[in-house]
Amino acid sequence: MKSNKSYLKRIKVTKNGKLVVRKAGQNHFNAKEGRSSQLNKKRSSTFVMTAKSQSRFLNGSL
């Protein structure tokens, strides 16, 4: 089974095996949002995937 290339481009795997993704909604028009929501978007977040999903989408990349 082939790995999903769009997932591989967006997910970073740390040395301990955690999946880290960029938070959604970071494109343009962020100036009208509150400062706290702007700052919350700067941080990346961990991504939880089941083993079944990892084997389906990230096959062989971990």
Side-chain angles (χ1 to χ4, degrees):
M1 178 182 276
K2 293 195 271 184
S3 60
N4 191 317
K5 299 293 190 283
S6 64
Y7 261 54
L8 291 177
K9 291 175 187 173
R10 290 168 175 83
I11 295 174
K12 178 184 172 188
V13 181
T14 63
K15 66 179 180 180
N16 293 326
K18 286 184 181 176
L19 303 175
V20 178
V21 294
R22 185 177 176 222
K23 287 204 174 179
Q26 290 189 23
N27 58 2
H28 58 283
F29 298 127
N30 290 328
K32 292 182 179 179
E33 295 182 0
R35 185 66 183 153
S36 62
S37 63
Q38 286 179 354
L39 292 175
N40 285 337
K41 288 180 182 179
K42 290 178 98 176
R43 296 174 186 91
S44 55
S45 63
T46 58
F47 188 66
V48 178
M49 272 181 116
T50 62
K52 184 178 179 181
S53 296
Q54 283 185 6
S55 66
R56 180 170 184 246
F57 293 109
L58 307 174
N59 188 19
S61 63
L62 296 178

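- Put simply, NZ on Lys42 and CG on Asn30 are 11.5 Å apart, with the number rounded to the nearest 0.5 Å.
- Looking at residues two or more places apart in sequence or on another chain, you find a side-chain contact (heavy atoms from CB on, under 4.5 Å) between Thr50 and Lys52, Ser53.
- Judged as a side-chain hydrogen bond (donor to acceptor under 3.5 Å, both in side chains), and not counting sequence neighbours, Arg43 has no contacts.
- Sorted by first and then second residue, the salt bridge (charged side-chain N to carboxylate O under 4.0 Å, His left out) pairs involving residues 7-17 (not counting sequence neighbours) form an empty list.
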List the atom pairs, donor and acceptor, that lie under 3.5 Å between side-chain atoms in residues 16-26 and the rest of the protein, sequence neighbours left out.
unit_1 : atom_1 : unit_2 : atom_2 : d
Arg22  : NE     : Gln26  : OE1    : 2.8
Arg22  : NH2    : Gln26  : OE1    : 3.0
Lys23  : NZ     : Asn40  : O      : 3.4
Gln26  : NE2    : Lys23  : O      : 3.2
Gln26  : NE2    : Lys41  : O      : 2.5

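- In this view, Ser6 and Asn4 satisfy the side-chain hydrogen bond (donor to acceptor under 3.5 Å, both in side chains) rule, not counting sequence neighbours.
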